[in-house]
Each structure stands twice: as C-alpha cells, then as structure tokens.
Chemist: 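This is the structure I want to talk about, given as structure tokens.
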2 protein chains.
Amino acid sequence: MATISDVAALAGVSTATVSRALNGKATVDRELVARVQQAADELGYRPNGPARNLRRQEAAVVALIISDVENPFFTAIARGVEDVAHEVGYSVVLCNSDENAEKESRYIDVAIQERVAGVILSPTGTTSSVDKLAARGTAFVAVDRPLPQQDSDVVLVDTRLAARQATDHLIAQGYDRVGCITGPAGVRTADDRLAGYRDALKSAKRPSSTKLVRRTEYKAAGAHKAAAELMSQPDPPDALLVANSAMAVGVLQALREQGVRPGRDVGIVAFDDAPWAEPVDPPLSVVAQPAYEIGTVAARLLLARIADSTRTATTTTLGARLIERGSSHRT
Amino acid sequence: MATISDVAALAGVSTATVSRALNGKATVDRELVARVQQAADELGYRPNGPARNLRRQEAAVVALIISDVENPFFTAIARGVEDVAHEVGYSVVLCNSDENAEKESRYIDVAIQERVAGVILSPTGTTSSVDKLAARGTAFVAVDRPLPQQDSDVVLVDTRLAARQATDHLIAQGYDRVGCITGPAGVRTADDRLAGYRDALKSAKRPSSTKLVRRTEYKAAGAHKAAAELMSQPDPPDALLVANSAMAVGVLQALREQGVRPGRDVGIVAFDDAPWAEPVDPPLSVVAQPAYEIGTVAARLLLARIADSTRTATTTTLGARLIERGSSHRT
DNA sequence: AGCGGCCCGGTAAAGGATTACCCAGCCAGG
DNA sequence: CCTGGCTGGGTAATCCTTTACCGGGCCGCT
C-alpha cells in the first residue's frame, strides 16, 4: 500500500506538498498539483484513514444508531441522513441498537472511540449512554424521541396529535369501541400515541377503558397476542389504533385467525406507511410519518452543530399525515 | 479526553504496561492490572481508535455493503452478520449501495481507506470495484450473487432450483399460463430465477413465451407497471412468479387495480418471506430464502479468511423453501 | 557463590498524515 | 543596488497506541 512518502518521492516533492495538493489547499502551484495528482494516480494512493483521523482528531463519519434495521420507518430515516451527509463528504455508518440500552451504549462507546464527527440516534430512553457523548463534546442529534433532561437538538413527529386525529377518524367512521395497541410504557412515542388516543376519546366523550388498551414490544409477535386477547374479550373493540407497522403485521394476522375482516368488522389505522400497506386487501389506513425528512433535518442539524458546537439546541417537530384507506371504512 | 499517558501517570506505571494490562496480555502482574484498571476507570479512559488502528494496521470492523437497506432480505442478512461479528468483538458498519456501481465503488474506497478488516458485499455486477479489494489483499466475501471471474468466498442460494419448484407448484395447482416478473438482465439472481422458471415450463411441456415475461428493476414501481402490462394483454397469464418482495408489492397493487384477486384469479408466488406476507389476504405464497443464515455463514467465512488469507475460496449454496399459502391456490 | 534464565515492565521506535513554523527566492519600491 | 514583503514549499513536530527490544532483579542450579 502506497504511502504519502511514496507519492512525494515519485513526484519529487515533500510530503507536506503532497498533502496540501491533494487536499486542495490554495498555496500550491498548479503544475505541482498536477504532478502530484498524477503520481498519486499512478501509485493508486489512498490516504490512510486512521492516520488522517488521528492527526485531525476526528473522522469524517457520522454514526446513525437506530433501534431496528428491519423497521421501514428507521431505514427511511437512514436514507435521509445518508443523502445529506454524502453531499458534504461524510460517510454514514449504521448501527442497530435493537431497542436495547446496552447495545446502544456499546455503539456509543465505539463511536467515541473511533472519534466520529457526530452521532444521530433514536434514544432507547435511558439517558446515561448519551451523557457520554455530551461529556466528550461529540455532536449529536436525537430523532423520534426526546432526551429527558438533556438540551440537545431533537427532531420529532407530533405523534400525539397524529394519534388523536387517527382516532378521531375512526370514531367519525362510526366505530364505537376504539382500542389501542401501543409500545412499552416509558417509550416516549408509545406513551404519546396512547395519550393522543385518549385525547380523542375524551373530546368525543367516549369512556376510556383500560380494557381497550394493550401495551407490548413494538413487534409483530407482541401485537399479535395483544390483538388476540382484545378481540376475545366479552366486549371486544370494533376498531384499533396500532402504533407501528410491525405491530400491524401481528394485528392483521390475529384478525385473520379470528375470521374478522379489517374495515368491515374492525376498523384499523396503523402508524407508518409501509410499502405493503396499500396493496393489501383491504388497503391499510395509516399515519404516514415523514421519515425521510426526519433524516435530512437531523443530518443538517448535526452538520451545523459539528461546525459550531455553541449553537443553542433546537427542537424540530414535523407533522404526520393520515392516509385513509379501506381498513378504516365499513364499506 | 484522557490518553494512555494520563492513565500511566495516575497508575504510576509506563504506557506500555497500561497497554498490556488493558489488552489482557498475560505478562502483567495481577496487582498492577488492577491498579491500571482502576486508574482507567477513574479517568474514563477510552483508547483512541484511530491511533490504535494506525498502529495495528487494521480496524476491528467489517463493512457490509448491501444493495438496499429497505429490502428485508438484506436487512436479515445484516442481522446474521452482526450477530456473528459481535461474538468475536468486531463491529459492523452497514453501507447502502442502492444497486449502484458507483456508490458501491465509493464505499469500497472508504472501506479500504479506513483499513477495515474485511468486507461482505452483494456485488452490483461490475467486478471492477471488487478488484480493488483483491489488489489490496483485504478479505471479502460475496453474498447473494457470485463474482464473475474472481475466486473469492461466495454464499449463494440455489435460486434457480427454487424458482423451478415455485413454478412447478403453480402448474401443479392447475394454473395454465404462468408468467414471470424478474429483475434486470445481467443481475445474476434475476437471470437464475428466470432460468428456473423456464426449466419448469420445459419439463411440464408448456410453451414458454416472452409474452409472459417481464424484466424490470427489483422495485415495486417497475413490477407494478410490468404486471399491469402483462394482465392487460389479449392472453394474460393466470399466475405469476415474482422475483422479490418489493416487486410483489407492485404486483399486488396492479392486481387490485384491475380487480383481480390473487389465488382465485391469478396464482402468485413471490421470492422472500416478508413479514407482511402471511397476514395479507389472501396470504402470499413465497420462496423463503435463508437470509439470516446467509449472513452468519458469510461472516464466519470472512473471519476465517481474515485469520488465514491463504484459505482456498469456497462457494456455499443454501437451499430455499417454498411456503405455500393462499395466493397460489384456486380455492 | 556465581551465573544462566526467566519474568516483568520500561524505553523508544513505528505507524502515516497534517500543519506550525521557517526559509529561500523573487519582485517592487526607494 | 539594496532591502522588505510576500509566496510557495520544505522540515519536523504532532496525534496516541502498540510492541520490539532491552535490562534489572530474583530464583535455582551447579
């Protein structure tokens, strides 16, 4: 592997000049730049990343720590982050915390250790691991969920309002006993969606009963069980607000097994406009979150913070959009 | 940020001893290890990754370059790779080539530059960028698709056989004019699936017509258009073999729009057992590829090659499993 | 008692790029 | 013609860790 000295020797200049030429510093003669460039090409020279990062005290890399690579919501965020980061020459590395505070903490350690320029993460809740970033002064932005007592940049969705609107919609469609299947207590988005659901019941003067609510992991299996339980109660719900698309999979499965048809028998609105939501029968009504945009906004905030660490922290809240399809209509 | 010298000073030993103690070398006195450990904890010492990688000439990182983060097949592979890599203390960074040779090449450059220990990738086809890895002697493993004229470790699925079996199944169910929607010409998996489809037609003595075949990007939009075209021909197919799950989304959408019901009207088998395949109505028959296993096998091969670069290259071919569900039954 | 060998741990080199600092040479002005 | 200033580029320090090499001290054997 060729080093900068090899290039310097071949071009007949010093390593300093090679570095300057290749990094586009203005103080190098045109002709020399060309000669250096050619020598570098000839040798297939690639700067040694670790050496550069060591000297610069920072790698042109941002780490993106999300809680589930298999969740389309998060992969769409990843796309947004990538597109913005690449524009300015940063690489993105994707890490999968699996909603597990320990894994999250490990990835944060790696990020610190590798001296990444910044971190974007959907925090699992425990603030402790994020403190490490703050302590070291590494730039970071939280997405999807706020950080308790930590004034950092955050990009959120007004998920409570969205949940309320979705529930309003179900009620307006004539469903009477609307239930809710949401994520674990303590996970902010799960709490917010439940709160929005309750807001709607309250303003529609419907009694809110814990018999209509189930909380479980944000996964298909948990939601499957929850839906099966809800539906086999004496007084089952006739509509369900489901807090993400993985859960929707479990819920639909449970309804199939009970011979209950979405829409006609039980109204369904789920969070996240997964690619399969439209082509299924009946098409699934969803709350579409602006995931890609969350990613781009977060990336821009991060870049701004990397450039100027004294910026004051901002909170950006984006809106979600209810898409009404067949699963929330009786007909 | 504390450095190793700070730790050394606090513990009253040399930096060499700190390094040895923290890296678990045997030749350090118990008591000293404890003292060093305590000093490190006290200072919150994290070794500087770039410095370590520079010295070691290699980072404990493997890069995974896949063609689509939004495709569940690839994210499942990612899970497999991660699980194995983490067991032995490697980190995994995920990169998204978007089926784009230029992006792939850029990520390979980054991987080389950062001196990652190894690379796992689903090659976009052009071999050129992979040559760079071979030239530099970086360990790598190809998944999902073989590399033309490159003897490297490869993990494949016998996708031709699987396509044949799926087509056989459709024919056995009484579908008469089976069509096929597959990926672009030149993409190996797409070609293989088409070949398997033709194998089945041939052995069942059905005429094979190009009117029943469409090739497009491995995406929903292309498949949507293809299915719409196929179905509005004078003599439309009464069954379809669809080459991946994103395409299945597009196909189901097109069928809905034409008021055609999967199963009863048109038999469908799609590749990849996406999470939503079962709960939809009717449940989607699929060819389940062992994606997670591909990931674990590839990771193990990569680790073996990192440890011993002279190993001879192996090709591992895994089988796929046909899961018959409602979309391939007339009833 | 003397010496060989072993165990532990210190000293310093190495790894490769960036950059502060400095110097040579040239031009222009006096 | 001399000198001050500016420009372009070289020298060498620096980033931090790992590890080759070396040496001190102690044990045990002869």
Side-chain angles (χ1 to χ4, degrees), chain A residues 1-37 39-40 43-61 89 109-110 112-117 136-138, chain B residues 1-37 39-40 43-61 89 109-110 112-117 136-138:
Chain A
M1 204 64 190
T3 73
I4 198 172
S5 336
D6 299 333
V7 178
L10 183 59
V13 297
S14 75
T15 61
T17 303
V18 174
S19 174
R20 284 189 279 249
L22 262 26
N23 290 299
K25 304 278 185 213
T27 71
V28 186
D29 191 90
R30 287 281 166 80
E31 193 229 333
L32 269 194
V33 173
R35 217 161 78 210
V36 168
Q37 191 55 258
L43 294 170
Y45 169 68
R46 303 263 148 221
N48 181 307
R52 155 180 280 173
N53 298 339
L54 172 59
R55 177 61 225 229
R56 288 225 178 121
Q57 295 287 67
E58 179 172 296
V61 168
D109 283 343
V110 172
I112 291 177
Q113 202 157 312
E114 297 302 323
R115 306 303 196 257
V116 302
R136 209 206 140 234
T138 300
Chain B
M1 202 66 188
T3 72
I4 198 171
S5 337
D6 299 331
V7 178
L10 183 58
V13 297
S14 75
T15 60
T17 303
V18 174
S19 174
R20 284 189 279 249
L22 261 28
N23 289 299
K25 305 278 185 211
T27 69
V28 186
D29 190 273
R30 287 283 166 79
E31 193 229 332
L32 269 194
V33 172
R35 217 161 77 209
V36 168
Q37 191 57 257
L43 294 169
Y45 170 68
R46 305 264 147 221
N48 180 307
R52 156 179 281 174
N53 298 339
L54 173 59
R55 177 62 226 228
R56 289 222 179 123
Q57 293 288 66
E58 180 172 293
V61 168
D109 283 343
V110 172
I112 290 176
Q113 202 156 314
E114 297 302 322
R115 306 302 195 257
V116 302
R136 207 205 141 237
T138 300

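Chain letters run A, B, ... following the sequence lines, proteins first, then strands; residues in each count from 1.
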Chemist: With sugar-phosphate meaning primed atoms plus P, OP1 and OP2, does B:S19 contact a base, only sugar-phosphate, or nothing at under 4.0 Å between heavy atoms?
Modeler: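 Contact class for B:S19: base.
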
Chemist: How many Å lie between CG on A:L54 and P on D:dT18, as a whole number?
Modeler: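 Between P of D:dT18 and CG of A:L54: 12 Å.
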
Chemist: Any side-chain N or O of B:R55 less than 4.0 Å from the OP1 or OP2 oxygen of C:dA14?
Modeler: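 Checking C:dA14 against B:R55, no side-chain N or O comes under 4.0 Å of OP1 or OP2.
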
Chemist: For the residue pair B:N53 and B:E114, confirm or rule out a side-chain donor-acceptor distance under 3.5 Å.
Modeler: no

Chemist: In whole angstrom, give the distance that lies between atom CD of B:E114 and atom P of C:dG16.
Modeler: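 Distance check: B:E114 CD to C:dG16 P gives 15 Å.
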
Chemist: Name the residue closer to the 5' end of DNA chain D, choosing between B:R20 and B:P47 according to the nucleotide with the nearest heavy atom.
Modeler: B:P47

Chemist: Take atom NZ of B:K25 and atom C1' of C:dC7, then tell me their distance rounded to the nearest Å.
Modeler: 17 Å

Chemist: Output the rounded distance in Å from CZ (B:R30) to P (C:dC8).
Modeler: 10 Å

Chemist: Taking only the side-chain heavy atoms of A:N48 (C-beta and beyond), determine which of C:dT18, C:dG16, D:dG8 contains the nearest atom.
Modeler: C:dG16

Chemist: Just how far, in rounded Å, is C1' of D:dC16 from CG of B:L43?
Modeler: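 Rounding to the nearest Å, CG of B:L43 and C1' of D:dC16 are 15 Å apart.
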
Chemist: OP1, OP2 of C:dT18 versus side-chain N and O of A:N23: anything below 4.0 Å?
Modeler: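 For C:dT18, OP1/OP2 do have a side-chain N/O of A:N23 under 4.0 Å.
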
Chemist: Checking contacts here: which listed nucleotide (C:dG10, D:dG8, D:dT17) is nearest the side-chain heavy atoms of B:I4?
Modeler: D:dT17

Chemist: Is there a side-chain contact between B:M1 and A:R115, using heavy atoms and a 4.5 Å cut-off?
Modeler: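 Answer yes - side chains close enough.
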
Chemist: 5'-most contact on DNA chain C: A:T3 or B:G12, nearest heavy atom basis?
Modeler: B:G12

Chemist: Counting only side-chain nitrogens and oxygens, does B:T17 get under 4.0 Å of the OP1 or OP2 atom of C:dG9?
Modeler: no

Chemist: Below the 4.0 Å mark, does D:dC16 have OP1 or OP2 next to a side-chain nitrogen or oxygen of A:Q57?
Modeler: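 True: A:Q57 side-chain N/O within range (under 4.0 Å) of D:dC16 OP1/OP2.
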
Chemist: Which of the following nucleotides, D:dG9, C:dG10, D:dC16, is nearest to the side chain of B:A51?
Modeler: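 The answer is D:dC16.
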
Chemist: Let's test your reading of the model: under 3.5 Å, does the base of C:dG16 pair with the side chain of B:R115 as donor and acceptor?
Modeler: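 Answer no: no donor N or O sits under 3.5 Å from an acceptor.
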
Chemist: So do A:T3 and A:N48 actually touch side chain to side chain, heavy atoms under 4.5 Å?
Modeler: no

Chemist: Hey, does the side-chain of A:R46 have a donor or acceptor N/O within less than 3.5 Å of a partner on the base of C:dG16?
Modeler: no

Chemist: Can you tell me if A:R35 uses its side chain to pair, donor with acceptor, with the backbone of A:A11 under 3.5 Å?
Modeler: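 Side chain of A:R35 to backbone of A:A11: a pair is present.
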
Chemist: Nearest 0.5 Å, what's the CZ-CG distance between A:R20 and A:L32?
Modeler: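 Atom-to-atom, A:R20:CZ and A:L32:CG are 10.5 Å apart.
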
Chemist: Between A:Y45 and C:dA17, is there a contact of a side-chain N or O with OP1 or OP2 at under 4.0 Å?
Modeler: yes

Chemist: Whole-Å distance between D:dG9 C1' and A:E31 CD?
Modeler: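 Going from CD in A:E31 over to C1' in D:dG9 covers 14 Å.
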
Chemist: Which is true for A:V18 with a 4.0 Å heavy-atom rule: it touches a base, it touches only sugar-phosphate, or it touches nothing?
Modeler: nothing

Chemist: Rounded at 0.5 Å granularity, tell me how far CG in B:L22 sits from CZ in B:R46.
Modeler: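 Output value for this atom pair is 10.0 Å.
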
Chemist: Report the residue (A:R56 or B:T15) whose heavy-atom-nearest nucleotide on DNA chain C is the more 5′ of the two.
Modeler: B:T15

Chemist: If I take atom CD1 in residue B:I112 and atom C1' in nucleotide C:dG16, what distance separates them, rounded to the nearest angstrom?
Modeler: 17 Å

Chemist: Just how far, in rounded Å, is P of C:dG10 from CG of B:L32?
Modeler: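 The distance from CG of B:L32 to P of C:dG10 comes to 7 Å, rounded to the nearest Å.
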
